[in-house]
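Have a look at the structure below, then the notes.
Keep in mind the model is a prediction, meaning the values are calculated, not measured.
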There are 2 protein chains.
Amino acid sequence: MRADAKRNYDRIVEVAREVFREQGYDASLDEIAKRAGVGPGTLYRHFPTRDALLDAIMQSWVQRVGEATEKALAHEGSARDLLVAWFEEYVRLISVHKGGPAKITSAMGDPDSPIRTKCQVLTDANAKVVERLRDEGALKDGVETLQVCRLIGGVATVADQSDLDETAVRPMLEVVADGLVSS
Amino acid sequence: MRADAKRNYDRIVEVAREVFREQGYDASLDEIAKRAGVGPGTLYRHFPTRDALLDAIMQSWVQRVGEATEKALAHEGSARDLLVAWFEEYVRLISVHKGGPAKITSAMGDPDSPIRTKCQVLTDANAKVVERLRDEGALKDGVETLQVCRLIGGVATVADQSDLDETAVRPMLEVVADGLVSS
DNA sequence: TGCTAAACGGAGACGGTCTCCGTATCGTGG
DNA sequence: CCACGATACGGAGACCGTCTCCGTTTAGCA
């Protein structure tokens with residue numbers, strides 16, 4: 001990759017991260033190009049689709065997922081509390097910008113999604129947490145890990161679209177956690 | 001209202017219902033106008049915004065909500081089963097077209113939404129079901145009815161966006177129901 | 001330093017939204 | 001029955017975002 005190409009690539013990603021956070025996932029790509037000081041052609045050559053750009057933005061995000069997983073697994077307390085804590089992290093992770101929860105959650109299960117690998121990281125992390133609780137016998141039978149992702153993704157999606165804050169989200173996560181642990 | 005105006009109004013609503021169902025809530029309004037055999041100007045005069053059109057489409061929907069509520073309240077069986085049955089109806093009701101669950105769920109809590117009255121009908125229906133179970137002492141303490149709408153709206157939203165069928169949705173609704181009933 | 005492959009970037013086609021205003025139609029009062 | 005004013009129609013076109021094509025520029029090697 002030529003030096004000028006790399007410079008533009010990096011700058012576009014940086015600007016896009018900022019603009020997506022400000023305006024959501026539907027922000028104008030031409031505007032991102034303009035703010036990055038490049039022509040639209042340059043942006044679309046590096047990132048043929050909006051999703052390709054999102055994928056690049058999420059490169060660094062993978063690490064944050066790993067850290068959050070460690071933190072959740074290290075949690076001391078009941079299975080229910082561990083679940084709630086993990087769910088809160090989960091929601092925070094996928095709320096990268098307006099439209100993020102919906103985007104990421106619907107990309108799960110779609111093997112052709114451009115952000116497939118990123119979703120995989122997250123579903124794997126979730127599976128690790130859930131499997132551990134299952135091994136401890138703390139969960140109901142028949143709990144599918146992908147279902148858990150979708151449930152929490154759903155909560156995060158409505159929270160995103162209705163501008164709910166953490167105090168409104170928590171009770172919903174608690175309901176889901178209660179519905180998962182064996183009674 | 002002049003006779004020709006009413007004719008066009010009705011025809012637009014009818015066509016819009018069809019097109020939204022076929023193509024989702026993001027369908028082109030100019031296309032709807034074209035299919036209805038009117039100019040864009042006519043469509044936008046009757047319905048200044050996309051939401052105004054949605055509101056008109058949902059006029060007849062209110063009745064279906066009423067019927068579904070009756071059906072749910074007449075349910076014989078455990079609180080948990082009643083909840084699951086009602087949730088399934090609820091999901092069906094808000095899945096009027098692609099984008100419907102997200103649209104309707106995010107309109108709840110927004111007092112300025114153009115489909116406010118329609119949402120009110122649904123939230124009231126849900127409250128009726130939930131309150132009845134609460135009176136029977138079948139629910140956990142601290143269950144907010146709006147939270148329930150959001151939880152189920154979330155499930156419906158991911159189902160809509162991931163093209164899940166009923167067999168995939170049901171287990172998630174069961175988790176929520178389990179999380180709500182007192183143990 | 002000269003050359004070529006690589007990258008740039010902007011003009012513009014396209015499709016959707018929405019408005020303005022000249023034209024056509026309804027339906028009423030004479 | 002018909003003329004006229006109010007009402008409604010509808011299409012041309014401005015505007016914006018997406019995305020492409022291709023003439024121009026530049027990096028970096030020999």
Please classify the nucleic acid contact of [X] as base, sugar-phosphate, or nothing, using heavy-atom distances under 4.0 Å.
X       : result
A/Asp30 : base
A/Ala27 : sugar-phosphate
A/Arg50 : sugar-phosphate

Notebook entry, point to check: Picking from C/dG9, D/dT18, D/dC9, which would you name as closest to the side chain of A/Tyr44?
Noted result: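 Nearest nucleotide to the side chain: D/dT18.
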
Check: Between C/dT17, C/dA7, C/dG10, which nucleotide gets closest to the side-chain atoms of B/Ser28?
Finding: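 Minimum distance to the B/Ser28 side chain belongs to C/dT17.
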
Notebook entry, point to check: Is any side-chain nitrogen or oxygen of A/His46 closer than 4.0 Å to OP1 or OP2 of C/dC8?
Noted result: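 Affirmative; the distance criterion is met.
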
Checklist line | Phosphate contact (D/dA8 OP1 or OP2) by B/Thr42 side-chain N/O below 4.0 Å | finding: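 The answer is no; no side-chain N or O of B/Thr42 sits under 4.0 Å from OP1 or OP2.
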
Rounded to the nearest 0.5 Å, how far apart are [atom1] of [X] and [atom2] of [Y]?
X        : Y        : atom1 : atom2 : result
A/Lys103 : A/Met58  : NZ    : CE    : 10.5 Å
B/Arg150 : B/Thr105 : CZ    : OG1   : 9.5 Å
B/Ile94  : B/Trp61  : CD1   : CH2   : 8.5 Å

Nearest-angstrom distance from the residue atom [atom1] of [X] to [atom2] of [N]:
X       : N      : atom1 : atom2 : answer
A/Asp26 : D/dT18 : CG    : C1'   : 13 Å
A/Leu53 : D/dT18 : CG    : P     : 11 Å
B/Asp4  : C/dT25 : CG    : P     : 10 Å
B/Lys6  : D/dC9  : NZ    : P     : 13 Å
A/Leu43 : D/dG17 : CG    : P     : 14 Å
A/Phe47 : D/dT18 : CZ    : P     : 15 Å
B/Asp10 : D/dC9  : CG    : P     : 12 Å
A/Ile32 : D/dG17 : CD1   : P     : 12 Å

Note to self: Among A/Arg7, A/Lys6, A/Arg2, which residue satisfies the salt bridge (charged side-chain N to carboxylate O under 4.0 Å, His left out) criterion with A/Asp4?
What the structure shows: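 One option only clears the test, and that one is A/Arg2.
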
Notebook entry, point to check: Closer to the 5' end of DNA chain C via nearest nucleotide, is it B/Pro48 or A/Pro40?
Noted result: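 In this pair, the answer is A/Pro40.
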
Check: Toward the 5' end of DNA chain D, which comes first, A/Met1 or B/Asn8, by nearest nucleotide?
Finding: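 The 5'-side residue here is B/Asn8.
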
Notebook entry, point to check: Which of parallel (below 30°), tilted (30 to 60°) and perpendicular (above 60°) describes A/His97 and A/Tyr25?
Noted result: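 Geometry flag for A/Tyr25 against A/His97: parallel rings.
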
Notebook entry, point to check: Has the side chain of A/Arg2 got a donor or acceptor atom sitting under 3.5 Å from an opposite partner on the base of C/dA6?
Noted result: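 When only heavy-atom distances are counted, A/Arg2 does reach the base of C/dA6 through a donor-acceptor pair under 3.5 Å.
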
